[in-house]
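Note sheet for the following structure.
Below, chain A is the first sequence line, B the second, and so on; all start at residue 1. This one's a predicted model, so the numbers in the text were calculated from it and none came from an experiment.
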Protein chains: 2
Amino acid sequence: MGEQHKQVSEAEPRTVGAVQTTLDIIDLLHQRDGAGVTELSEELDLSKGTVHSHLATLYKNEYLIKNGDEYNLSLRYLHLAETVRDRLGFYDVVREEVDELAAESGELSQFATEEHGRAVYIYKAKGDKAVETASSVGKREFLHCISLGKAMLAHYSESYVDEIIDEYGLPGFTDTTVTSRDDLFENLAEIRERGYAIDNEERIDGLRCVAAPVLHNDGTVLGAVSLSGPSSRMIGERFDEELPSMVVRAANVIEINSQYS
Amino acid sequence: MGEQHKQVSEAEPRTVGAVQTTLDIIDLLHQRDGAGVTELSEELDLSKGTVHSHLATLYKNEYLIKNGDEYNLSLRYLHLAETVRDRLGFYDVVREEVDELAAESGELSQFATEEHGRAVYIYKAKGDKAVETASSVGKREFLHCISLGKAMLAHYSESYVDEIIDEYGLPGFTDTTVTSRDDLFENLAEIRERGYAIDNEERIDGLRCVAAPVLHNDGTVLGAVSLSGPSSRMIGERFDEELPSMVVRAANVIEINSQYS
DNA sequence: AAACGTCGTTTGGGTAGACCGAACAATTAA
DNA sequence: TTAATTGTTCGGTCTACCCAAACGACGTTT
């Protein structure tokens, strides 16, 4: 692997329209909880016949189940997901460490990796005082406004960070969200020095987080671990030393015990 | 819902060829751990250009990631899988009960449901003396040769069981596998009376299992819970009373605590 | 360092097939 | 019974899927 050479956007290559249609159908079935032929055809501006043949193709391949006249996504995705997750090579270690972080701190602990310029939550565990958040496994989130994301961005090449900014911009969510390119790069330099990232209510008001990056031997970013909690509890020495040292330690354990090290 | 009206096979409706091609590509990327354009085009007898445009479509929709020249499945399937799993409405209860069964018995405990005429493993937990098996979450298995499958079959309509047999047959794996239609129906009648199913080394030599069906109020089959262990330990009162009562109890708990009850 | 091999990507063109629209079947409601 | 929905089928048209060949970008070899 050595050097990573990632790209987010580029001059659009030729795509397959029929496949796009099918993916749109899957997306819609994912959003709603099942749907019929007519509903899908109206929503996607396709003829009923077209939708029917797409559904038939997916059904034949067992990507859908049928309950009367309602189509819905099948458990086949579970098999794919399990395989993809296993191939990460560090899922088991992540689960152990995140569980321990949550238990030890009492807060919410999470692990995420990056794909297509956004963070993807892989695992989460709640401590006995943990806050509820909208994040769930598989969900995608912008990188610039969360501690997990910034921890990862700090170890990407400048050109890749630029590409991501070009793709998604730097949308603001609270009044502390970093929305300028220069501020972000300054922030990332601090993170590299400090060894961990901070989210000071940048995504959600009242929520503070710390996160440490999980790096491969060669500098590749595997992901990041975090702890999140209400600002009232995330203060003083606990926020400046205790919790950071916990996520850094967990990150190190994950690095060392990764399958491909 | 009331009466369930399922079908496995039928006169083939019209499908979309381009979509089938994409699904074949996904399947191949699932089997192997990533692949390049040339490898896929050779394996599937397609031109490189065609494969490229399919991959571009999937990539654009973030169903794939790209590592240099290697394409691989992305974590997007994780999001879909999580959603599908949540929609089952009983996953959390299943996890609790299966964990407890494993701890209590020391054996391997599993939960499966049925899709397209086959069992799909949803969750598994290993007790301290549990055997290793080839089953994994998301995997599909024939119904007639495992306890989980027979427990479910016992509560399907005769016509649906017939359809499944027509689709997959009754392949034998050991010398105790039920391979005749009449024997199977006789077996299913016993299971209904007894309240749980037995797998006496019918799938794997030396492995015995017991499984209880999880039923909905209206008689719909939600799935089944099982315990599996080496035949040497699965004997006497333990196999005839103790373990069966455990899986039946767990099944009842799942039924009661299901989201849609 | 030039020549070769191999990869992914691009592009034009022909024809298979994706899409539409209308008719049909199968339920449910009025 | 009628009427209004649904999902499903099917013929015809024109789009776009697919192929083949050329191109560009690396690596390796001689």
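Screening residues 145-158 of chain A for salt bridge (Lys or Arg N to Asp or Glu O under 4.0 Å) gives A:Lys150-A:Glu202, A:Glu158-A:Arg181 as the qualifying pairs, with residues at least two apart or on separate chains. Among pairs with a residue in residues 62-86 of chain A, those fulfilling ring pair (Phe, Tyr, Trp, His ring centres under 6.0 Å) read A:Tyr63-A:Tyr77, A:His79-B:His30, at least two apart in sequence or across chains.
For D:dG7, the OP1/OP2 oxygens have a side-chain nitrogen or oxygen of A:Thr38 closer than 4.0 Å. Between A:His54 and C:dC19 there is a side-chain polar atom (N or O) within less than 4.0 angstrom of OP1 or OP2. Residue A:His52 has a polar side-chain atom (N or O) positioned under 4.0 Å from OP1 or OP2 of D:dT8. Phosphate proximity of C:dT9 to B:Tyr71: present, with a side-chain N or O under 4.0 Å from OP1 or OP2.
Residues passing the side chain to side chain contact (heavy atoms under 4.5 Å, CB included) test with B:Arg192, sequence neighbours excluded: B:Ala154, B:His155, B:Leu188, B:Ala189. Residues satisfying the side-chain hydrogen bond (donor to acceptor under 3.5 Å, both in side chains) criterion with B:His144, sequence neighbours excluded, are absent altogether. Residues satisfying the side chain to side chain contact (heavy atoms under 4.5 Å, CB included) test with A:Ser74, not counting sequence neighbours, are A:Ile65, A:Arg76, B:Glu115, B:Arg140. Applying the side-chain hydrogen bond (donor to acceptor under 3.5 Å, both in side chains) rule to B:Thr38 yields no partners; only residues at least two apart in sequence or on another chain are considered. With sequence neighbours left out, A:Thr179 forms a side-chain hydrogen bond (donor to acceptor under 3.5 Å, both in side chains) with no residue at all. Under the side chain to side chain contact (heavy atoms under 4.5 Å, CB included) criterion, B:Asp24 pairs with B:Gln20, B:Leu44, sequence neighbours left out. Partners of B:Phe142 according to the ring-ring contact (aromatic ring centres under 6.0 Å, His included) rule, which considers only residues two or more places apart in sequence or in another chain, are B:Tyr168.
In summary, the aromatic rings of B:Phe111 and B:Phe90 are positioned with their centroids under 6.0 Å apart.
When the nearest nucleotides of DNA chain D are assigned to A:Glu70 and A:Val19 by heavy-atom distance, the more 5′-ward of the two goes with A:Glu70. Projected onto DNA chain D by closest heavy-atom contact, A:Gly17 and A:Asp69 fall at different nucleotides, the more 5' of which corresponds to A:Asp69.
One atom, CG of A:Leu55, and another, P of D:dT9, lie 12 Å apart when rounded to the nearest Å. Distance, A:Leu44 CG to C:dC19 C1': 14 Å, rounded to whole Å. One can place CD of A:Glu39 at 10 Å from P of D:dT6, the figure rounded to the nearest angstrom. In this structure, A:Leu40 places its CG atom 14 Å from P of C:dC19, rounding to the nearest Å. Rounded to an integer number of Å, the gap from A:Glu42 CD to C:dG21 P is 14 Å.
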Name the pairs: protein N/O against N/O of nucleotides 19-22 of chain D, kept only if under 3.5 Å.
unit_1 : atom_1 : unit_2  : atom_2 : d
D:dC19 : OP2    : B:Ser47 : N      : 2.8
D:dC19 : OP2    : B:Ser47 : OG     : 3.1
D:dC19 : OP2    : B:Thr50 : OG1    : 2.5

remark   = The dot-bracket string of DNA chain C, counting Watson-Crick and G-U wobble pairs with both distances under 3.5 Å, using [ ] for crossing pairs and | for pairs to another strand, is ||||||.|||||||||||||||||.|||.|
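The residue B:Thr15 sits close only to the backbone: its heavy atoms come under 4.0 Å of sugar-phosphate atoms, none of a base. When heavy atoms are screened at a 4.0 angstrom cut-off, A:Thr21 is found touching the sugar-phosphate backbone but no base atom.
Of the residues in residues 22-29 of chain B, not one comes within less than 4.0 Å of DNA chain D through any heavy atom.
Ranking D:dT8, C:dG8, D:dC17 by closeness to the B:Ala18 side chain, first place goes to D:dC17.
With contacts defined as side-chain heavy-atom distances shorter than 4.5 Å, the pair A:Leu78/B:Ile122 qualifies.
Salt-bridge check for A:Arg32 with A:Glu39: passed, with a basic side-chain N closer than 4.0 Å to an acidic carboxylate O.
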